[in-house]
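Working notes, beginning with the structure itself.
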Amino acid sequence: MTNLADDLRRAADAVALLGSSSADLAALPDAEALAGQKRIACARRLLDTYAALMAATIAERSRPELGHSGLAAQQGFLSPEALIQNWTGSSTGDAYKLVAVGTMMADTEAADKLVEEALSTLSTPDAGADADAVDVAAFVARVPWQAPIARAVTAGTLSVDAAEAIRAGLGQIDAAVTAEKLRVALETLLTEASTLNADEVFKRARRMRNRLDEAGIAAREKQAHDDRYLKVYRLSNGNVRLNGLFAPEDGKFVLSTFDSITGPRRGGVRFVDPERAAWAKKMQTTRAAPSRSTRTPSCSCSRSPAKPTPAGSSADAARRCA
């Protein structure tokens, strides 16, 4: 059985051996730097697991039915997510992610414990086998379909970010997508998740959900279309603020346009070949240089106020203006 405390101690010790300053890490050879990055990722994954479990504990002690006696309310917060966000300095999305994954892990652990207790009763000779079998089946049915996700996080084979990506991507049970279908899809997805990052995992999970519920694709597209909005308003200081929500297709166009507009601010053209890089720099310098006007400048004397001039000076002025 996995012991998170022992794993975290070993991971922290492995990270501490890398050094304690930027100079120590900069002196590492390439192989050790790559190995060090893996150690840090392992330690962070374990800390995220602890953070999710603690978030679930705080959420459990801040249930709405507890009212003002809830833990979050006692600290002056409206929700456990708000408390976690304030104390950790994280984003709202990160706080909700920790609560969602931690709650999933806690529910799975409680369900697995009930199944183990029910199975242990089968070994007692004075117990009714049929009744116990029925009890075990009832407890097994209570195990959530997300249980493999929670077990993978506890075992250290799946990160909290990837777990939330799977949970959000596969969605919830409905009339078209049963728990059994989601379990089968989850089994396939977990075999691929170890080689993917959280964004890729979410895309795979969303595609699996669409295949399971092809009839619901149109409804989800319509919902995404209906949820769109764009607000543009001017602030008191004259600045203009935009706030909007776009469907995936519209969002791609907006992001593409944004990248095109802000592209020159991201360092300009980059070439690996030195000659091409020199050519690009020359072109940028040439375009940035101010253009010279070919118009003949007007004579300053024609705009100067009339002043008394000594005799003979008018001819010199006429020659200068010619």
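For clarity, every value in this text was computed on a predicted model and none was experimentally measured. By convention here, the first residue in the shown sequence is residue 1.
Cation-pi contact between K231 and Y229: present, with separation from the ring centre below 6.0 Å and deviation from the ring axis of at most 45°.
Under the 4.5 Å side-chain heavy-atom criterion for ILVMFWY residues, a single connected hydrophobic cluster contains both Y50 and W87. Follow the hydrophobic side-chain contacts under 4.5 Å out from V15 and you never reach L34; the two are in separate clusters. A continuous path of ILVMFWY side-chain contacts below 4.5 Å connects L196 to V153, so both sit in one hydrophobic cluster. The same ILVMFWY cluster, assembled from side-chain heavy atoms under 4.5 Å apart, contains both I84 and M54.
Between the side chain of E187 and the main chain of V184, no donor-acceptor pair closer than 3.5 Å is present. Under the 3.5 Å distance criterion, the side-chain polar atoms of R167 are left unmatched by any main-chain donor or acceptor of V101. The closest donor-acceptor contact from the side chain of S62 to the backbone of S79 lies at 3.5 Å or more, if one exists at all. Looking at S20, its side chain never comes within 3.5 Å of a backbone N or O of A16 through a donor-acceptor pair.
Heavy-atom minimum distance, A150 versus M105: CB-CA, 3.6 Å. Closest heavy-atom contact between R228 and A247: CG-N, 3.7 Å. Of all heavy-atom pairs spanning L245 and D227, the tightest one is CD2-O, 3.4 Å. For D48 against L98, the heavy-atom pair with the smallest separation is O-CD2, 4.2 Å. Contact detail for Q172 and R209: the closest heavy-atom pair is O-NH1, 2.7 Å. Nearest approach of A165 to A198, heavy atoms of both residues: CB-O, 3.5 Å.
A salt bridge links K97 with D94: the distance from a Lys NZ or Arg NE/NH1/NH2 to an Asp or Glu carboxylate oxygen falls below 4.0 Å. Between D226 and K222, at least one side-chain nitrogen of the basic residue sits less than 4.0 Å from a carboxylate oxygen of the acidic one, meeting the salt-bridge criterion.
For the atom pair L53 CG and T103 OG1, the distance stands at 10.0 Å (nearest 0.5 Å). E60 CD to L71 CG: the interatomic distance, rounded to the nearest 0.5 Å, is 11.5 Å. N210 CG to R207 CZ: the interatomic distance, rounded to the nearest 0.5 Å, is 9.5 Å. Between the CG atom of N3 and the CZ atom of R9 there is a distance of 7.5 Å, given to the nearest 0.5 Å. Note that CD of E164 is 12.0 Å distant from OH of Y96, once rounded to the nearest 0.5 Å. Residue S91 holds its OG atom at 12.0 Å from CD of E81, rounded to the nearest 0.5 Å.
The shortest distance between side-chain heavy atoms of L190 and I166 falls below 4.5 Å. Here the side chains of V201 and L158 are not in contact, with every heavy-atom distance at 4.5 Å or above. For the pair T154 and E109, the minimum side-chain heavy-atom distance is 4.5 Å or more. Proximity of T178 to W145: side-chain heavy atoms (C-beta onward) are nowhere separated by under 4.5 Å. Between T257 and V254, every side-chain heavy-atom pair lies at or beyond the 4.5 Å cut-off. In this structure the side chain of M208 reaches within 4.5 angstrom of the side chain of R211, judged on heavy atoms. Using a 4.5 Å heavy-atom cutoff, the side chains of L18 and L25 are in contact.
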TODO: Evaluate the salt bridge (Lys or Arg N to Asp or Glu O under 4.0 Å) criterion for residues R10 and D7: first the C-alpha distance (whole Å), next the side-chain angles of each, then the deciding distance (0.1 Å), finally the verdict.
DONE: CA-CA 5 Å; R10 286 192 293 267; D7 292 344; 2.5 Å; yes
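R151 CZ: more than 12 foreign heavy atoms inside a 6.0 Å radius. At most 12 heavy atoms of other shown residues, nucleotides or ligands fall within 6.0 angstrom of atom CG in L78. Counting non-hydrogen atoms of other residues, nucleotides and ligands closer than 6.0 Å to CZ of R63 gives a total above 12.
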